[in-house]
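The model shown is predicted, which means the values in this text are computed figures rather than measured ones. Note: hydrogens, waters and symmetry copies are ignored here, and every other heavy atom, side chains too, is used. We count residues from 1, following the sequence as given.
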Amino acid sequence: MKKILFMLLMLAVTASLMAGGTKEHAEDSGTAEAAEAHGNPVKLTVTLSAVSTDTHAKAMMELKDYVEKSSGGNIIVDVYTDSAIFTQAEEVSAVAMGDADITLTSPSWLASGSPWESMFTAGYLFKNYDHMTAVLNGDIGKKAFRTIADEQGLLPLGAWYLGSRVVSLKDDIEVKTPEDMAGITLRMPNSEAYMFLGTALGANVTPIDFSELYLALQTGVVDGQDNPLPTDKNARFYEVQSCIILTKHLMDSVWPAINRDTWNSMTEAQQKILMEGVEAGRRYCDDTNIAMEAELVSFFEEEGLHIYYPDVDAFQAYALECYLNSPISDSWDMDLYKEIVDMAANY
């Protein structure tokens with residue numbers, strides 16, 4: 001009897017070991033199949049200065065979810081928001097140097113390394129959202145992205161709509177024309193292109209990092225700032241503001257950009273999945289911000305802010321004169337500039 005029990009026990013142990021071996025072999029086989037289908041596993045580190053509640057930060061999470069699921073875990077995307085590892089001013093160089101893999105940047109930041117690219121930051125260049133996305137997510141944008149990669153070491157992969165930038169002020173000041181901006185100190189991000197944009201609105205400008213902006217507004221270090229309405233809500237700037245001037249001076253976008261060497265090290269299959277993730281993020285970001293813009297004026301009015309509608313034509317004429325009479329436009333491709341302006345007739 002004992003002999004029979006012993007034999008049954010040995011059979012059970014052997015079956016268990018075989019099952020474990022089969023499972024381990026299956027896992028190894030799955031890993032091998034993933035490597036064969038996609039390439040060696042990739043881990044991407046994303047650095048964002050955006051707060052986690054910002055639409056474009058959430059859009060990056062859409063990218064993360066899509067990429068990780070579609071690759072079966074072959075590509076892992078770690079996202080760090082709220083300037084957790086790099087500040088807004090450090091993000092571009094961090095990605096270019098390979099200290100991070102991906103960030104969300106903008107033409108205003110990239111213009112520091114590619115001065116010609118400041119053309120995309122010019123006030124009132126884009127007529128509306130459709131005009132902006134047709135340019136930046138079309139052939140013009142793709143060509144510009146490749147040139148930036150060659151010049152700076154990071155490759156933009158697309159353009160996500162951030163919203164149309166507007167001016168908001170701590171004190172209640174009705175602004176109709178650029179002349180009304182005289183004496184107003186406007187916070188701008190610390191890049192030459194952004195700083196010039198503030199000047200082209202008629203304001204005095206001072207650079208402050210995004211992570212420090214709420215406190216700067218609250219304490220009166222600056223009189224105001226410019227950001228799209230969704231950002232004003234998500235970052236809760238309206239809590240320390242009295243009015244919003246709907247200048248709509250820039251159809252703003254953020255560009256998911258990857259370290260060029262990281263991109264080149266990925267297989268075509270991995271690149272394809274990442275680009276599909278970029279598109280998933282773009283759809284979320286664009287659709288969400290367009291919907292928010294349609295309802296946020298009422299929200300801010302309910303919060304007690306005054307909304308002012310300036311003379312946009314006066315701002316546009318003033319900004320254009322500033323740009324064309326400044327060395328900042330010396331590096332622009334004026335034929336391309338005209339092509340972009342002419343495209344506005346289609347939108």
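Applying the 6.0 Å contact sphere to CD of Glu179 captures more than 12 heavy atoms from other residues, nucleotides or ligands. For CG of Asp139, the number of neighbouring non-hydrogen atoms (other residues, nucleotides, ligands) closer than 6.0 Å is 12 at most. Counting heavy-atom neighbours within 6.0 Å of Glu192 CD, excluding the residue itself, gives a total of 12 or less. Within 6.0 Å of the CD atom in Glu239, the count of heavy atoms belonging to other residues, nucleotides or ligands exceeds 12.
The two residues Ser168 and Gln225 make their nearest non-hydrogen contact at OG-NE2, 2.7 Å.
At least one test fails for Lys233 against the ring of Phe300: distance under 6.0 Å to the centre or angle within 45° of the axis.
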Show the numbers, then the answer: is there a side-chain contact (heavy atoms from CB on, under 4.5 Å) between Ile290 and Tyr161?
-> CA-CA 8 Å; Ile290 289 170; Tyr161 183 54; 3.9 Å; yes
Audit row: Val167, Leu186, side-chain contact (heavy atoms from CB on, under 4.5 Å) steps and yes/no | CA-CA 8 Å; Val167 171; Leu186 196 67; 4.0 Å; yes
Could you give me the CA-CA distance, side-chain angles and deciding distance for Ile75 and Glu68, then say whether side-chain contact (heavy atoms from CB on, under 4.5 Å) is met?
-> CA-CA 6 Å; Ile75 307 172; Glu68 291 183 348; 5.9 Å; no
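When Leu296, Val297, Ile245 are each tested for a side chain to side chain contact (heavy atoms under 4.5 Å, CB included) with Ile307, only one passes: Val297.
A search for ring pair (Phe, Tyr, Trp, His ring centres under 6.0 Å) contacts involving Tyr323 returns Phe196, Trp332, not counting sequence neighbours.
Using cut-offs of 30° and 60° for the angle between ring planes, the Trp116 and Phe120 rings count as perpendicular.
The existence of a salt bridge linking Asp223 and Lys170 is excluded, since no basic side-chain nitrogen approaches an acidic carboxylate oxygen closer than 4.0 Å. A salt bridge links Glu279 with Arg283: the distance from a Lys NZ or Arg NE/NH1/NH2 to an Asp or Glu carboxylate oxygen falls below 4.0 Å. A salt bridge links Arg260 and Asp150; the closest N-O separation between the charged side-chain nitrogens and carboxylate oxygens is under 4.0 Å. Between Glu62 and Lys64 there is no salt bridge, since no side-chain nitrogen of the basic residue lies less than 4.0 Å from a carboxylate oxygen of the acidic one. Between Lys176 and Asp311 there is no salt bridge, since no side-chain N of the basic residue sits under 4.0 Å from a carboxylate O of the acidic one.
Proximity of the aromatic rings of Trp255 and Phe145 is defined here by a centroid distance below 6.0 angstrom, and this criterion is met. Ring centroid separation for the pair Tyr66 and Tyr284 does not come in under the 6.0 Å cut-off.
Proximity of Asp99 to Phe86: side-chain heavy atoms (C-beta onward) are separated by under 4.5 Å at one or more points. Side-chain contact between Ser253 and Trp160 is absent, with no heavy-atom pair separated by less than 4.5 Å.
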Exercise answer: donor-acceptor pairs, residues 335-347 side-chain atoms, under 3.5 Å, sequence neighbours excluded:
| from | atom 1 | to | atom 2 | distance (Å) |
| --- | --- | --- | --- | --- |
| Lys338 | NZ | Asp342 | OD2 | 2.8 |

